[in-house]
Amino acid sequence: MAELAPGAFHFPSFLDAAAQRALAEEIAEVIAAAPLYVSTMPKTGAPMSVRMTNCGALGWISDKERGYRYEPRHPKTGQPWPSIPRRLLDIWNELARYPKPPEACLVNVYDETARMGLHQDKDEADFEAPILSLSLGADCRFKLGGTRRGDCAKAFALSSGDALVLSGPARMRYHGVDRILPTINTPLPPTLATLGVRVNLTLRRVT
DNA sequence: TAGTAACA
DNA sequence: TAGT
């Protein structure tokens with residue numbers, strides 16, 4: 001475990017190969033029930049390059065008309081989100097050390113060209129609870145900035161099986177994905193490999 | 001290529 | 001401004 005900044009913890013290879021594979025299969029089931037969709041930017045409607053879905057009581061979505069928000073139902077199917085797999089709740093209990101369970105698990109699927117601009121997670125009502133992120137598949141160049149957009153950002157790789165926790169003073173740090181790295185050390189299982197090369201799971205407390 | 005600005 |  002490395003503390004990148006006060007409250008920001010990187011756990012390289014937190015999940016072993018078997019745990020990664022088992023988690024990936026569960027995420028494939030989530031996607032089967034709640035198909036991937038593309039969120040669009042508030043006001044402009046510009047599409048994000050990442051495709052996403054959610055599990056949990058609430059899911060993060062965005063569209064041109066109503067912007068960033070959490071919703072209890074899938075924007076296309078109108079169905080409630082699938083529940084969060086127990087395996088993920090166990091990881092939350094181990095790493096987040098927060099008394100309440102996560103309400104949202106955002107599933108972001110990246111292809112080779114997908115990126116995620118520097119942003120803060122600030123659509124939640126609860127900024128006390130940590131953000132827990134898990135990576136599967138291709139490595140990415142991840143950037144962790146400060147709490148102001150202009151603060152200098154440190155770049156490092158996130159690999160399959162890595163966990164990242166943003167808690168306490170690091171909870172509101174800007175972060176994003178510069179690019180997907182070309183060499184894939186740990187490919188996603190076939191069911192997910194048809195959809196992209198990297199999957200990121202972000203567990204959050206919302207209310 | 002990191003950082004900024006302008007834009008819609 | 002989780003976009004270009």
Side-chain angles (χ1 to χ4, degrees), chain A residues 4-5 7-8 10 27 30-31 34-56 58-76 81 102-127 129-158 162-167 170-183 195-207:
Chain A
L4 307 167
H10 182 200
I27 295 308
V30 167
I31 294 172
L36 297 175
Y37 58 89
V38 175
S39 279
T40 57
M41 299 295 291
K43 301 197 168 76
T44 67
M48 296 181 63
S49 55
V50 169
R51 296 197 297 156
M52 57 185 65
T53 189
N54 293 267
C55 50
L58 294 168
W60 188 88
I61 67 173
S62 174
D63 56 35
K64 182 178 181 178
E65 293 73 24
R66 298 185 56 198
Y68 308 151
R69 64 197 188 276
Y70 285 91
E71 293 282 357
R73 289 170 181 274
H74 192 287
K76 303 293 183 209
W81 305 104
E103 294 168 293
C105 173
L106 176 61
V107 179
N108 281 327
V109 178
Y110 294 74
D111 67 19
E112 296 88 339
T113 62
R115 294 173 297 155
M116 176 74 75
L118 214 57
H119 69 279
Q120 290 174 303
D121 290 5
K122 57 181 178 185
D123 303 312
E124 303 76 29
D126 182 355
F127 293 155
I131 303 285
L132 169 60
S133 152
L134 296 165
S135 295
L136 294 172
D139 294 6
C140 73
R141 182 179 155 97
F142 187 83
K143 198 167 271 196
L144 180 63
T147 53
R148 296 168 304 184
R149 185 175 280 278
D151 294 345
C152 88
K154 292 173 186 173
F156 55 96
L158 282 181
D162 289 9
L164 184 74
V165 175
L166 296 182
S167 62
R171 169 64 178 75
M172 300 307 282
R173 278 182 181 258
Y174 277 87
H175 55 279
V177 173
D178 261 16
R179 62 188 177 90
I180 299 298
L181 297 174
T183 306
L195 304 173
V197 297
R198 174 174 190 263
V199 172
N200 180 256
L201 309 174
T202 311
L203 291 123
R204 305 187 178 101
R205 188 79 202 165
V206 177
T207 63

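Letters go in sequence order (proteins before strands), and every chain restarts at 1.
For Met52(A) and dG3(C), the CE to C1' distance is 12 Å, given to the nearest whole Å. One can place OH of Tyr174(A) at 17 Å from C1' of dA2(B), the figure rounded to the nearest angstrom. A straight line from CD1 of Ile61(A) to P of dG3(C) spans 17 Å, rounded to a whole angstrom. Atom CZ of Arg141(A) and atom P of dA2(B) are 5 Å apart (whole Å). Summarising the geometry, the separation between CG on Leu118(A) and C1' on dT4(B) is reported as 13 Å, rounded to the nearest angstrom. Taking atom CZ of residue Arg148(A) and atom P of nucleotide dT1(C), one finds them 15 Å apart after rounding to whole Å. Spacing between atom CD of Gln120(A) and atom P of dT1(C) amounts to 8 Å, rounded to whole angstrom units. We find that NZ of Lys143(A) is positioned 11 Å from P of dT1(B), with the value rounded to whole Å.
Partner Leu166(A) forms a side-chain contact (heavy atoms from CB on, under 4.5 Å) with one of Leu132(A), Thr202(A), Leu144(A) and no other, that one being Leu144(A). Between Thr53(A) and the choices Asn108(A), Leu106(A), Val30(A), Ile61(A), the side-chain contact (heavy atoms from CB on, under 4.5 Å) rule is met once, by Val30(A).
Taking the side chain of Asp178(A) as heavy atoms from C-beta on, and the options dG3(C), dA2(B), dT1(C), the nearest nucleotide is dA2(B). Nearest to the side chain of Arg115(A), among dG3(C), dG3(B), dT4(C), sits dT4(C). Closest to the side chain of Met48(A), from the set dA2(B), dT1(C), dG3(C), is dG3(C).
Within the 4.5 Å cutoff, side-chain heavy atoms of Cys140(A) are placed close to those of Arg198(A). Put simply, the side chain of Leu158(A) does not reach to within 4.5 Å of the side chain of Asp139(A), judged on heavy atoms.
Classification of Asp121(A) and Arg171(A) as a salt-bridged pair fails, no side-chain N sitting under 4.0 Å from a carboxylate O. Note on Glu124(A) versus Lys122(A): no salt bridge recorded, every NZ/NE/NH1/NH2 to OD/OE distance being 4.0 Å or above. In summary, Arg66(A) and Asp63(A) do not engage in a salt bridge, as defined by a charged side-chain N under 4.0 Å from a carboxylate O.
Residue contacts shown for Asp123(A) include a base, since a base heavy atom lies under 4.0 Å away. Arg204(A) comes within 4.0 angstrom of a nucleotide base, judged by non-hydrogen atoms across all strands.
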Quick one: the dot-bracket string of DNA chain C, using Watson-Crick and G-U wobble pairs with both distances under 3.5 Å, [ ] for crossing pairs and | for bases paired to another strand. |.||
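Considering only side-chain N and O atoms, Arg149(A) lies under 4.0 angstrom from the phosphate OP1 or OP2 of dT1(C).
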